[in-house]
Protein chains: 2
Amino acid sequence: MAEKIPHQFDHFLSEAGSVLGPKGLTSNYEDMEPWLTDWRGRYSGSALAMASPASTAQVAALVRICTRHGVAIVPQGGNSGMSGGATPDEGGKSIILSLRRMNAIRALNEEERSVTCDAGVILQTLHEAAETKRLRFPLTLGGKGSATIGGLISTNAGGTQVLRHGTMRAQVAGLEAVLPDGQIFNSLTPLKKDNRGFDLKQLLIGSEGTLGIVTGATLRLLPEIGGRAVMWAGLSSILDARKLLLHFQDQANEQLEGFEVIPQHSLQAVLNHQPEQKAPLAEMHPWNALIELAAPKDKPDALPDLAETILGSALELGLIEDATIAASETQAEQMWHLRDSISSAERAIGPAMQHDISVPVDKMADFVAAALPAVQERFAETKAVAFGHLGDGNVHFHVIAPPNAVPGQWEKAEGKKISSFVHDLVTEWGGSISAEHGIGQMKLAELERLGDPVSISLMQTIKNALDPQCLFNPGKLVPLARSGTNP
Amino acid sequence: MAEKIPHQFDHFLSEAGSVLGPKGLTSNYEDMEPWLTDWRGRYSGSALAMASPASTAQVAALVRICTRHGVAIVPQGGNSGMSGGATPDEGGKSIILSLRRMNAIRALNEEERSVTCDAGVILQTLHEAAETKRLRFPLTLGGKGSATIGGLISTNAGGTQVLRHGTMRAQVAGLEAVLPDGQIFNSLTPLKKDNRGFDLKQLLIGSEGTLGIVTGATLRLLPEIGGRAVMWAGLSSILDARKLLLHFQDQANEQLEGFEVIPQHSLQAVLNHQPEQKAPLAEMHPWNALIELAAPKDKPDALPDLAETILGSALELGLIEDATIAASETQAEQMWHLRDSISSAERAIGPAMQHDISVPVDKMADFVAAALPAVQERFAETKAVAFGHLGDGNVHFHVIAPPNAVPGQWEKAEGKKISSFVHDLVTEWGGSISAEHGIGQMKLAELERLGDPVSISLMQTIKNALDPQCLFNPGKLVPLARSGTNP
């Protein structure tokens, strides 16, 4: 489809090509095609070209060329985002800027426990690099085999270790990014304390490429752990799960690394979909909790006792119905694999509207208890399920279509109504319509509808000031032109 | 001096007075006088009036009146800043906006371990409020009896627990602030995960009131500790202190709460100045380290053994010459009191140029070892001392005047040259000219001279966009008008 490129872009493409070289730029549709659609196949677009710069300097040069020609840029890492934030629109006049070629680990400082790397380094690669030095990078998520550091930073990714270690923002010690004027912002020097003005890197973290293109980062590492205890508990209610969480926080303190909740429906869905997986407990329970404790590297021995003691007292207190502790790393991995299989298993059942929501942590159990029946009552024959990071006040809230629903048609007819209903509920409870997946293009209209007007106006002001041509990932995250014209 | 107020401000004052009431506004010089000079007496200014609003709504109303009349606002908390950031200029056409009347602890959520409070709450009050619930707020510093939460946030304060718990930024879960357009930004809802756009509160933290006036915050609390072990070690060199720090980080892991270094000169200064204080060790050593370990609340018993083991192996490794562990809380307090007395003791010796600097943590010992003799060689008969937060890569670097120097004259004649020399060195080492004290008015010219041009230009763009009239703390932190005219 390269022949469709309008002639006015010939000059742009030749300038960009001369900076990026043949490996760094393509307008060939076959090359671009896998990157024009998000991994879940929900958003598709087209692009003038796909740039794959090899260095920060090339990114900066490209941005200056784009600015001169008014060409918009859609930055892209592993293309594994959940909100269409890395997919171009259908206009075909923007470029994809892939960071995947920039995949060097620039420096790993064992003594300081930090690593400086390119934006295109894949999360799993980073994990492995840290492990070779007996260190660890304490953020992980399902897409670790494709998600890049730049994408994780630009979306302030979460995952299953936020409870203890915070989101991606908490791991970033320094940042390198190219700004809309083509200048390179560099705060990679890992100063632990630096009060020389606004902490500009914080503005770039989570801004989904709308203010700058992350090209590199310095990340904090931790000592490896001395071992972990992974447990599975069966519970009668989500309210008990909340009590169990508090019990663990009180008894295990900072050794509590993860606390996930899984309803019976989700566990059953995994077992149906992947018969090779096994339920950890003999019987099914209305709710399950997957809990991980980690021992400091010098104190691995106390962990099994601690896990048993806490589960024992939880049983005595009537917080849980049954529980088991993984007897080996293999069993521990199996428990986590159950958890990580929920999304695909639920998808196999049929169409569903998925929501990534948070409310204040202490309200999440009550919210789930109230919201599940409310949704099912409002939308007949749907099944609402919530699972995930109870300890962060963040669940994935899926509304599964009635059994007879026609995939595609049902989402079109009902999807928007259902999501509005869920988001309204979340907003009433003082929560967020995007806990960890970002806004992208998927939730832009909802952010406009439900977001705090003061925050949105402040975002617009900053966006307009930094990117007056609106060339950095337009149509994502920041409600702009539309905000003035909508009622 | 109220009669000196130009008539054009009559209308402004009457409007402000009608919003704030008699308790909320004064133009009386005697009332304002203590707040027109910073606590160290280095900066003085004058003001049209001092406003003391009682609520966030009053702050917002006042800002709108100021915007209409073009009156600049200098926000002020405890007036205990180190860089003149809360002192108005001499023009007398701005107002001081004191947050001290807003001093309510709005809510303390024990279960969620968080507290929401007004900006004017004093740090020590917050400590005590947390303690009554067996929780703690893990940031402290010398000025805790006067420093306010709003000031600590606006300057991203540090202190002696940053090593383990981070600066003020890491404690802030939510923020409330009044923006230059008079709107109230509110992110007080303590959502642990929220990816609905730019993290705007991060922009306000550390911005010294130039982008918004912090009126309230939600802060994270931690469980109380199970006990602490405070140690004093004598060392032969700063390079050994670095090795000792790594030894403690490796052996004590997250139980290491503080690691401060004190040169012999500073310890001697304290002993001379305050004869009631006693040296912890029998002999003097070129360097001293003050180390604190904290035990989780459920494991206090292992701590004394751990402390002894680590110090024992440090002695065997030749890292320290001698050491002692505080045998009681009283002794522990005495050790910290020695550390906290350094600034005033050094001041009593005579004039000194003080610098608050950081370099990458792994370079700080080498920096100190190189910079102290370099300064003394360049400025004959001066004495350079460095003490403080080695574990954060941050020391207070004082250059003490020659014995015969005349206070006042010496600073005027030599001060700027000395500070430029120190700041040049720090910059060569990839460090910061302000680690924890901010820029204020004191370091504005140095930031302009040595700061990263890209960062400064980005700060200017944001400042101009949010505060186009430049009414929020003008002349502080952000190099503005002057940046265009200077060579």
Side-chain angles (χ1 to χ4, degrees), chain A residues 109 111-112 155-156 158 162 167 169 179 183-186 189-200 202-203 205-207 223 246 251 253-254 296 298 358-362 392-394 430-439 447 451-452 454-455 458-459 461-462 464-466 477-478, chain B residues 109 111-112 155-156 158 162 167 169 179 183-186 189-200 202-203 205-207 223 246 251 253-254 296 298 358-362 392-394 430-439 447 451-452 454-455 458-459 461-462 464-466 477-478:
Chain A
N109 186 332
E111 208 175 272
E112 279 316 310
T155 58
N156 184 27
V162 173
T167 62
R169 184 180 302 278
L179 304 175
Q183 297 206 79
I184 298 168
F185 168 77
N186 183 335
T189 315
L191 293 176
K192 198 164 166 189
K193 283 159 96 171
D194 185 9
N195 275 347
R196 283 178 295 178
F198 313 157
D199 191 346
L200 297 163
Q202 302 289 353
L203 199 54
I205 298 170
S207 68
L246 289 175
Q251 304 281 311
N253 252 309
E254 299 193 331
D298 51 334
S358 65
V359 300
V361 182
D362 56 345
D392 306 326
N394 168 208
S432 168
I433 63 166
S434 176
E436 60 176 8
H437 292 169
I439 296 297
L447 177 63
D452 167 42
V454 176
S455 297
L458 200 47
M459 281 172 62
T461 301
I462 293 169
N464 287 331
L466 266 63
L477 186 63
V478 189
Chain B
N109 186 332
E111 208 175 273
E112 280 316 310
T155 58
N156 184 27
V162 174
T167 62
R169 184 180 303 278
L179 304 174
Q183 296 208 78
I184 298 168
F185 168 77
N186 183 335
T189 315
L191 294 175
K192 199 163 165 188
K193 284 160 95 172
D194 185 9
N195 275 347
R196 284 177 294 177
F198 314 156
D199 192 346
L200 297 163
Q202 302 289 353
L203 199 54
I205 298 169
S207 67
L246 289 174
Q251 305 281 310
N253 253 308
E254 299 194 330
D298 51 332
S358 65
V359 300
V361 182
D362 56 344
D392 305 325
N394 168 209
S432 168
I433 63 165
S434 175
E436 59 176 9
H437 292 170
I439 296 297
L447 177 63
D452 167 42
V454 176
S455 296
L458 200 46
M459 281 171 61
T461 302
I462 293 169
N464 287 330
L466 266 63
L477 187 64
V478 189

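In what follows, chains carry the letters A, B, and so on, assigned in the order in which the sequence lines appear, proteins first and then strands, with residues in each chain numbered from 1. Side chains included, hydrogens not; waters and symmetry mates left out as well; all remaining heavy atoms used.
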| said: Between B:Pro296, B:Pro360, B:Gly451, B:Gly158, who has the most heavy-atom pairs with chain A when the cutoff is under 4.5 Å? | reply: B:Pro360
| request: Provide the closest heavy-atom pair for A:Val454 versus B:Leu179 in the form atom of the first, atom of the second, distance. | output: CG1-CD1, 3.8 Å
| field | Where B:Asp194 and A:Ser432 come nearest, the two heavy atoms and their spacing | value | OD1-OG, 2.6 Å
| Of the backbone (N, CA, C, O) and the side chain (C-beta and beyond), which part of A:Glu436 lies under 4.5 Å from a heavy atom of chain B, both, or neither? | both
| said: Please classify the contact of B:Asn109 with chain A as side chain, backbone, both or neither, using a heavy-atom distance under 4.5 Å. | reply: side chain
| query | For B:Thr167, is it the side chain, the backbone, both, or neither that has a heavy atom closer than 4.5 Å to a heavy atom of chain A? | reply | side chain
| task | Please examine the side chains of B:Val478 and A:Phe198, heavy atoms only from C-beta on, and report whether any two atoms are closer than 4.5 Å. | result | yes
| note | Note: vs chain B, highest number of non-hydrogen pairs under 4.5 angstrom among A:Ile462, A:Asp392, A:Leu246 is A:Asp392
| request: Would you check if the side chain of A:Asn195 reaches a backbone N or O of B:Asn156 as a donor-acceptor pair within less than 3.5 Å? | output: yes
| task | Identify which part of B:Glu111 has an atom lying under 4.5 Å from any heavy atom of chain A, answering side chain, backbone, both or neither. | result | both
| note | When rounded to the nearest 0.5 Å, the distance separating CG of B:Leu447 from CZ of A:Arg196 is 7.5 Å
| message | I'd like to know if the side chain of B:Ser358 and the backbone of A:Lys193 have a donor-acceptor N/O pair within less than 3.5 Å. | response | yes
| request: For residues B:Asn394 and A:Leu191, determine if any side-chain heavy atom of one lies less than 4.5 Å from a side-chain heavy atom of the other. | output: no
| task | Would you mind reporting whether B:Leu458 and A:Leu203 have side-chain heavy atoms less than 4.5 Å apart? | result | no
| field | pair B:Asp199-A:Gln202: side-chain heavy atoms closer than 4.5 Å | value | no
| field | Which atoms of B:Pro223 approach chain A - backbone, side chain, both or neither, heavy atom under 4.5 Å | value | side chain
| task | Using non-hydrogen atoms and a 4.5 Å limit, figure out which bit of B:Gln251 sits close to chain A: side chain, backbone, both or neither. | result | backbone
| query | Contact part of B:Ile433 toward chain A, heavy-atom cut-off under 4.5 Å: side chain, backbone, both or neither? | reply | both
| Using non-hydrogen atoms only, which part of B:Asn253 is less than 4.5 Å away from chain A: side chain, backbone, both, or neither? | side chain
| said: For A:Gly197 versus B:Leu477, what's the shortest heavy-atom pair and its separation? | reply: CA-CD1, 3.5 Å
| said: I need the residue from B:Gly431, B:Ala465, B:Gly393, B:Ser434 with the largest number of non-hydrogen atom pairs under 4.5 Å to chain A. | reply: B:Ser434
| said: I need the minimum non-hydrogen distance between A:Lys192 and B:Val361, along with the two atoms involved. | reply: CB-CG2, 4.0 Å
